[in-house]
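Okay, structure first, notes after.
Keep in mind the model is a prediction, meaning the values are calculated, not measured. Protein chains get the first letters and strands the later ones, always in sequence-line order, with residue 1 at the start of each.
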2 protein chains.
Amino acid sequence: MEKKLRTKDKIVQASIELFNAQGERQVTTNHIAAHLGISPGNLYYHFRNKEDILRHIFKEYTRLLESRIQPPGDSTEALDALANYLDVVFELMWRFHFFYANLPDILARDPALHKEYQAVQEQVLARVVRVLNALRQAGVVEMPEQEISEFAHTIKLVVTFWISYLKTQAPEQTIDQASVYQGVLKVLLLFKPYASPAAMPRILQLQQHYQRLAGLPTSMSV
Amino acid sequence: MEKKLRTKDKIVQASIELFNAQGERQVTTNHIAAHLGISPGNLYYHFRNKEDILRHIFKEYTRLLESRIQPPGDSTEALDALANYLDVVFELMWRFHFFYANLPDILARDPALHKEYQAVQEQVLARVVRVLNALRQAGVVEMPEQEISEFAHTIKLVVTFWISYLKTQAPEQTIDQASVYQGVLKVLLLFKPYASPAAMPRILQLQQHYQRLAGLPTSMSV
DNA sequence: GTCTATACTAAGATAGAC
DNA sequence: GTCTATCTTAGTATAGAC
């Protein structure tokens, strides 16, 4: 579909790759240019500075997020909406894990990006609240209505900082796709005490699905 | 008791102050020296580099943590042990909040510090597991035994990244003591679905206690 | 122990030729 | 659009006098 990327796009793609592999902080504009075999001057022709590149990457991330998430409020079943949310969020989290590995640092350096991030997060929070309300109305979870908003924040916190947590725990910063998907299991664990008996089988089924993605034996209890 | 601090100690104290106020990343060794009215050369006489200062600060943090936490396994009531844990952890989190505001970044820069951090965290995890087991045996929470370890990790994640979460959500990085204590309420929320009916009154009492510290109206539901 | 002065380095960024 | 060459800056760190 798009065989020859323009230099500008190549810079964005190479940056994502290098940031994920080595950490955003360790990768300089010179490294990116060298990796592509272009000059630093050329890179600065296409982007004003490193923050500019990061803003473009975030835009790409947002675009993917919005295109992948199911339109809200349609006829899909409540638990499927949850699974869709988890699938999309954790897949993108893996593809852009450098961003989550140092989120406060990256946002602190660029107020403009921070604002964009917050705008997106408001949408995400609203989405999570909608999914939770649907689960509640479908009788999948039993939870006081006033707690939903707070619970949504807790979920968002666990999701957002799962990768950071991994990095603080791991001896080396070896983040792989399987370890990222272990975060989904942590989120499901938050749901478990609220699950209605009738919904338990389906929740256990979801759990096994993600245990496979996380490279864990499915017999393992969570 | 210790009226005249040696220059070395003054550097540590000033660093904590400045790091908390402006963020660790923004404060340079020159800033620290200027703040104290000493020369950069003098600072480097006392510390090999900035990481060296951070390691001393972490040692101080560890010292306080260990001195404040109640000895495990004594006759104290299970919920009191939980309250003690929360009090100590969140008070120190406030006094050293710069550390939690950029944890993955700080640890990534200094493998030696990372190792020390991990050693301390193992102790903390063991402590949390012990508290949870006590709560379970006292009938305060009802939770399958195999879930305790995973639940302990979730608690640690929420605690550790509460400040980071605040910083990503807040328009500006205005972290105050009250907002830090709102993290305790998030942790209590994790407990609530597991609480036995008999223990609910005491948990609600704890909740009100921390709502006061968090500067929230105690009538508010959480 | 403390200062002044200075060197080093790495990263970010630009000018001007092609 | 791309290159080469170069500049700036800021942060880290050291040497040597006092």
Side-chain angles (χ1 to χ4, degrees), chain A residues 2-58 98-99 101-102 105-114, chain B residues 2-58 98 101-102 105-113:
Chain A
E2 32 188 354
K3 284 194 175 173
K4 40 182 164 184
L5 291 174
R6 293 168 305 142
T7 299
K8 186 157 185 169
D9 296 322
K10 284 199 281 188
I11 292 170
V12 169
Q13 294 310 315
S15 298
I16 295 172
E17 252 178 66
L18 292 173
F19 290 166
N20 277 335
Q22 301 171 39
E24 182 269 338
R25 200 88 213 193
Q26 349 296 325
V27 176
T28 71
T29 49
N30 279 8
H31 292 153
I32 299 166
H35 180 81
L36 285 169
I38 67 172
S39 67
N42 193 0
L43 185 147
Y44 277 94
Y45 170 80
H46 290 286
F47 294 94
R48 295 185 57 203
N49 49 39
K50 196 177 168 184
E51 275 70 50
D52 196 17
I53 299 177
L54 281 167
R55 279 193 289 269
H56 274 77
I57 293 177
F58 185 71
F98 79 88
F99 187 69
N102 248 332
D105 185 47
I106 290 172
L107 297 183
R109 275 182 357 241
D110 186 347
L113 181 60
H114 198 161
Chain B
E2 33 190 352
K3 284 195 175 172
K4 39 182 162 182
L5 290 175
R6 292 167 306 142
T7 299
K8 185 157 185 171
D9 295 322
K10 282 199 283 188
I11 292 170
V12 169
Q13 293 311 314
S15 298
I16 295 173
E17 253 178 66
L18 292 173
F19 290 165
N20 277 335
Q22 301 170 40
E24 184 270 337
R25 200 88 214 192
Q26 349 295 325
V27 177
T28 71
T29 49
N30 279 8
H31 292 154
I32 299 166
H35 180 81
L36 285 169
I38 67 173
S39 68
N42 192 0
L43 185 147
Y44 277 93
Y45 170 79
H46 291 286
F47 293 95
R48 294 185 59 203
N49 50 38
K50 197 177 167 185
E51 276 69 50
D52 196 18
I53 299 177
L54 282 167
R55 280 194 289 269
H56 273 78
I57 292 177
F58 186 71
F98 80 88
N102 248 333
D105 185 47
I106 291 172
L107 296 183
R109 274 178 1 238
D110 185 347
L113 181 61

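- In this structure a side-chain-to-backbone donor-acceptor pair under 3.5 Å is missing from A/Asp9 to A/Leu5.
- Residue B/Thr29 has a polar side-chain atom (N or O) positioned under 4.0 Å from OP1 or OP2 of D/dT12.
- A donor-acceptor contact shorter than 3.5 Å links the side chain of A/His31 to the backbone of A/Thr28.
- Of the possible donor and acceptor atoms, one in the side chain of A/Asp110 sits under 3.5 Å from a partner among the backbone N and O of A/Leu113.
- Here NE2 of B/His46 is found 11.0 Å from CD1 of B/Ile53. Values are rounded to the nearest 0.5 Å.
- Contacts between residues 36-55 of chain A and DNA chain C, defined by a heavy-atom separation under 4.0 Å, are made by A/Gly41, A/Tyr44, A/Asn49, A/Lys50.
- Straight-line distance from the CG atom of B/Leu5 to the C1' atom of C/dG1: 16 Å, rounded to whole Å.
- Between B/Thr7 and the phosphate of C/dT2, there is a side-chain N or O to OP1/OP2 separation shorter than 4.0 Å.
- In this structure, the CG atom of A/Asn30 is 14 Å from the P atom of D/dA5, given to the nearest Å.
- Closest of all the heavy-atom pairs between B/Phe98 and B/Ile106 is O-CD1, 4.1 Å.
- Between the CG atom of A/Leu43 and the NZ atom of A/Lys10 there is a distance of 12.5 Å, given to the nearest 0.5 Å.
- Summarising the geometry, the separation between CD on A/Gln26 and P on C/dA10 is reported as 14 Å, rounded to the nearest angstrom.
- Residues A/Ile57 and A/Val12 come closest through the heavy atom pair CG1-CG1, 4.0 Å.
- One end of the helix from C/dG1-D/dC18 to C/dC18-D/dG1 points its axis 10° away from the other end's axis, with each axis taken from 5 pairs and the angle rounded to 10°.
- Counting heavy atoms from C-beta on, the side chains of A/Phe47 and A/Leu54 never come closer than 4.5 Å.
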